There are 2 protein chains.
Amino acid sequence: MLSKTAEYALRATIYIALKGSEDDKLGIEEIAKGIDSPKSFTAKILQLLTQNNRVISSVRGPNGGFFLTDRARKLPVKAILEAVEEANVITKCVLGLKECSETRPCPMHTQYKDIKKQLKQMFEKTSIQQLVEEFNKGNYFIDNLKGVRKPC
Amino acid sequence: MLSKTAEYALRATIYIALKGSEDDKLGIEEIAKGIDSPKSFTAKILQLLTQNNRVISSVRGPNGGFFLTDRARKLPVKAILEAVEEANVITKCVLGLKECSETRPCPMHTQYKDIKKQLKQMFEKTSIQQLVEEFNKGNYFIDNLKGVRKPC
DNA sequence: GTAAAAAAGGACACAAATATCCTTTTTTAA
DNA sequence: TTAAAAAAGGATATTTGTGTCCTTTTTTAC
């Protein structure tokens, strides 16, 4: 469904949102270990996320690293996909037809349209902050993202 | 969401189901034109579909070509994805985590699980025949698949 | 102001997906 | 039984995605 690039982008952003802050920035080494991704490749992706619409902020030098501003935390998950140019999953036809709409639907349009709508909603309505809050309420039991534990 | 390979596989199968029959087999040239795909590449994919679980049948030589048996028409769309080894979209975690389940969910699990379920349903419950029938009832207005027109 | 720490950036390497071309095999029809 | 038509198969090319490595720039702390 999503490329490795998009997966790492999502995982990294969520990881930074959960574990880091402006006062406690995270280094690329820790992030890559935390989300189980190749370090240099992830660094490149974080570059995209700091440039394109600034989902992630960064400072260089000692005590530097990556973090999310309050503004960034309010962004929808979709913003991450946009930064890595993969937001089109949300709108694309399942069969990959250039033209596929209500008036000129593809053979699977009827079956897929509601799912696509929900996919869109998910990425647009869910903010990064929301994912963090849900975590803090203890609704997750993730140690899937290494080093991030459910608060007791 | 799906690879080109999967998209062409779906489009080709549906195209053959709609336009062809055992008595009126379709050649690779027509199919590729019909679904707007590269000919040789599509030929390779059709090979997969004739080998792996025989979604498509074929005969060589003059008057040969591709067609779907009645048995094949009853197959779920998922069978096509399986043949090109891409049925995993149905079960994969959005974030690409190896482990992601109800008891050990990823940070987006809550948001995604119902969508994944519906995706699964769509590919498993929709048969190729169903897509054809829906077309014949006139519920589509596709000429997206070239040369396939809504019956009047 | 100098050394060290960190991200940024550039160049390259490797792998997988996509695409093309040519030859071989099978089948049909004359 | 031979020519032609069609898919099957093999080899290779191209492009994109993924991944690594090394140098440069920025920043901080001493």
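Every chain is numbered from 1 and lettered A, B, ... according to where its sequence line falls, protein lines coming before strand lines. Values in this document were obtained by computation on a predicted structure and should not be read as measured data.
In terms of position on DNA chain D, the residue among A/Val59 and A/Pro38 whose nearest nucleotide sits closer to the 5' end is A/Pro38.
Taking every heavy atom of both residues into account, A/Ser21 and A/Arg73 meet most closely at CA-NH2, 4.5 Å. Taking both residues in full, the closest heavy atoms of B/Lys19 and B/Asp24 are given as O-OD2, 4.4 Å, listed atom of the first, atom of the second, then distance.
A/Tyr8 has no side-chain polar atom (N or O) that falls below the 4.0 Å cut-off from OP1 or OP2 of D/dT18. In terms of phosphate contacts, B/Gln51 brings no side-chain nitrogen or oxygen within less than 4.0 Å of OP1 or OP2 of D/dA8. One finds a side-chain N or O of A/Ser58 lying less than 4.0 angstrom from the OP1 or OP2 phosphate oxygen of C/dA8. Side-chain N/O atoms of A/Asn63 include none lying less than 4.0 angstrom from OP1 or OP2 on D/dT27.
In this structure, B/Ile45 places its CD1 atom 15 Å from C1' of C/dA16, rounding to the nearest Å. Across the protein-nucleic acid pair, A/Arg60 atom CZ and C/dG9 atom P stand 6 Å apart, rounded to whole Å. B/Arg11 has its CZ atom 14 Å from the C1' atom of C/dT18, to the nearest Å. A/Phe41 has its CZ atom 15 Å from the P atom of C/dA15, to the nearest Å. Distance, B/Lys4 NZ to D/dG17 C1': 15 Å, rounded to whole Å. The CG atom of A/Leu48 sits 13 Å away from the C1' atom of D/dG17 (whole-angstrom rounding). To the nearest angstrom, C1' of C/dA19 lies 14 Å from CG of B/Asp36. To the nearest angstrom, C1' of D/dT20 lies 14 Å from CD of A/Gln47.
Comparing atom distances between the B/Thr50 side chain and each of D/dA8, C/dT28, D/dT18 picks out D/dA8 as nearest. For A/Phe66, the listed nucleotide lying nearest its side chain is C/dA8; candidates were D/dA8, C/dA8, D/dT27.
Residues B/Ile80 and B/Ile128 form a side-chain contact, since some pair of their non-hydrogen atoms from C-beta on lies under 4.5 Å apart. Using a 4.5 Å cut-off on side-chain heavy atoms (C-beta onward), A/Tyr112 and B/Met1 make contact. At least one side-chain heavy atom of A/Asp114 sits less than 4.5 Å from a side-chain heavy atom of B/Gln118.
Residue A/Lys44 places no side-chain atom within donor-acceptor reach of the base of D/dG17, judged by atom type and a 3.5 Å distance cut-off alone.
No side-chain donor-acceptor contact under 3.5 Å links B/Thr5 and B/Glu86. Judged purely by distance below 3.5 Å, without hydrogens or angles, the side chains of B/Gln111 and A/Glu134 pair a donor atom with an acceptor atom.
The stretch residues 23-31 of chain B comes close to DNA chain D through B/Leu26, B/Gly27, B/Ile28, each having a heavy atom under 4.0 Å from the strand.
Residue A/Glu86 is classed as having no contact, given no heavy-atom separation below 4.0 Å to the nucleic acid.
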